[in-house]
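Side chains are part of it too, since the values below use all heavy atoms of this structure and drop only hydrogens, waters and symmetry mates. In this text the structure is predicted, and so the values were computed from the model without any measurement. Whatever order the structure lists them in is the order used to number ligands and atoms, beginning at 1.
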Amino acid sequence: MTRLTTDDIQDIRFELNAYDRYLVSATGRSLLGIGAAAAGFGDVPRFRDAAASIRMAVVPIRSGLGVISGFAETVCGILVHMGFDAFVTGYSDVSGFAEAVDVGAQVILAADDDRFVALCPRQGKTVDNSRATATGFVAGLDLMAGGLDGKRVLVLGCGPVGRWVVEALLMRKAIVTVVDRVAKKAEGLAGWTRAVFQTTIHVGFELGQALSTHLLIVDTTNAAGVIHARHVTTDTRVAAPGMPCGVTSNAREKLAGRILHDPLQIGVAAMACQAVHIIREQPVSLSPAVHDGKSA
Ligand code: 2YG
């Protein structure tokens, strides 16, 4: 799990209109549209109305390595840009959670050193950034490629994001090959998909050969310089949620508008849209409130 730096994120919230223009040129949809697609919403305008009525709070967390300057403000800026009623709590940590609930936030976003989640307390549900990032980037690749059904897709990296990327690809009936620097991790992921989805994915053992034989690639690694210009053709499309970006600058130039990469935006957009989906599916928790261990 890569820890972002202030440098990685400090300009994001001021460049969201330009980023939307890029996303529309690459995928036909904006950040909201990609997030909505990741959460299974086809009709964006209807979704936008729902979004405006849902208040979201971002709570700075000081545990562990502490606050990343600009992190909460950037997450909030992405949500406001998408049309949500979002704010950063004045307090951090537990006081921030209490503040969020006191002002009626239905979704509370917070990150410590290990997890970045969107909480839906009234529904008793959480949305994890790793899984949302995976679904967001796969939705974007799907839009860039005009559908993934029956298409061969290469996934680099078999960590948490890689696993959820494979799940999202299999749900779109893609033909998946995974590669990881640690062969055992790739084999482990193949075993998991056989057990959970009764589906076989292919394990690639030679990175260069795998890159040269795939036009659709998802890079979830935290390595720089994995995808080079020699691996890129005019039909190659890359979704790269990994930080730092695994695509070299020459390869990015060659890819032109056929690459998706950002440190936070698509993942946050997918988290927010998934939270809206949870709230619309289940306006309030149906399970009886439990106090002192007894049902109320
Ligand atoms: O509240 C704060 O400012 C800090 N406690 C945030 C710490 C976030 C640490 N995690 C990361 O930097 C990334 N895993 C965030 C998600 C990146 C998605 N590609």
Side-chain angles (χ1 to χ4, degrees), residues 1-13 15-16 19 23 31 34-35 38-39 56-79 81-82 86-100 105 107-119 126-141 155-165 168 218-224 226 238-247 259-275:
M1 171 83 70
T2 310
R3 182 178 170 88
L4 295 172
T5 66
T6 299
D7 267 0
D8 291 329
I9 59 174
Q10 63 190 355
D11 300 331
I12 286 174
R13 62 190 184 278
E15 296 173 350
L16 287 168
Y19 191 47
L23 290 175
L31 208 43
I34 293 172
M56 299 194 172
V58 186
V59 181
I61 301 296
R62 292 178 301 174
S63 68
L65 297 172
V67 161
I68 297 173
S69 169
F71 179 82
E73 294 74 11
T74 299
V75 171
C76 183
I78 294 165
L79 298 173
H81 172 76
M82 293 170 69
F87 69 103
V88 178
T89 54
Y91 291 98
S92 63
D93 309 305
V94 174
S95 305
F97 283 113
E99 179 188 344
V107 183
I108 302 172
L109 294 96
D112 61 17
D113 295 348
D114 304 309
R115 290 195 66 187
F116 176 16
V117 294
L119 307 174
T126 59
V127 179
D128 185 85
N129 171 264
S130 293
R131 190 168 190 178
T133 297
T135 59
F137 275 87
V138 168
L141 183 70
V155 180
L156 305 181
C158 296
V161 176
R163 174 178 292 249
W164 296 126
V165 162
V218 184
D219 173 33
T220 73
T221 67
N222 55 12
V226 176
V238 177
M243 275 297 284
C245 185
V247 187
I259 174 174
L260 295 180
H261 169 72
D262 69 44
L264 209 44
Q265 298 90 310
I266 287 174
V268 168
M271 288 171 87
C273 293
Q274 187 58 36

Between ligand 1 and [X], is the shortest N or O to N or O distance under 3.5 Å?
X	value
P263	yes
I61	yes
N129	no
A72	no
L4	yes
I68	yes

Using a 4.5 Å cut-off on heavy atoms from C-beta on, say whether the side chain of [Y] contacts that of [X].
X	Y	result
I259	V247	yes
L260	L141	no
F137	W164	no

*Given the rule in the side chain to side chain donor-acceptor pair (under 3.5 Å) test, do T221 and D219 qualify, once you have shown the distances and angles that lead to the verdict?*
CA-CA 6 Å; T221 67; D219 173 33; 2.7 Å; yes
Query raised in the report: Between CG of L4 and OG1 of T2, what distance do you get to the nearest 0.5 Å?
Result: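 Here the rounded value is 7.5 Å.
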When rounded to the nearest 0.5 Å, the distance separating CE of M243 from CG of D8 is 3.5 Å
Output the list of atoms in ligand 1 that are nearer than 4.0 Å to some heavy atom of [X], sorted by atom number.
X	result
D112	7 (C), 8 (C), 9 (C)
P60	1 (O)
V67	2 (C), 3 (O), 4 (C)

Determine whether any heavy atom of [X] lies closer than 4.0 Å to an atom of ligand 1.
X	answer
R3	yes
G267	no
T2	yes

Side-chain donor/acceptor pairs under 3.5 Å, residues 56-65, sequence neighbours excluded:
| residue | atom | partner | partner atom | Å |
| --- | --- | --- | --- | --- |
| R62 | NE | S92 | OG | 3.0 |
| R62 | NE | D93 | OD2 | 2.6 |
| R62 | NH2 | D93 | OD2 | 3.2 |

query: Any donor-acceptor pair under 3.5 Å linking the side chain of T220 with the backbone of G157?
result: yes
Check: atom 4 (C) of ligand 1: which of G66, A110, G70 has the nearest heavy atom?
Finding: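 Going through G66, A110, G70 one by one, G66 has the nearest heavy atom to atom 4 (C) of ligand 1.
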Give me the atom names and distance for the closest heavy-atom approach of F87 to A100.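 That closest heavy-atom pairing would be CZ-CA, 4.4 Å.
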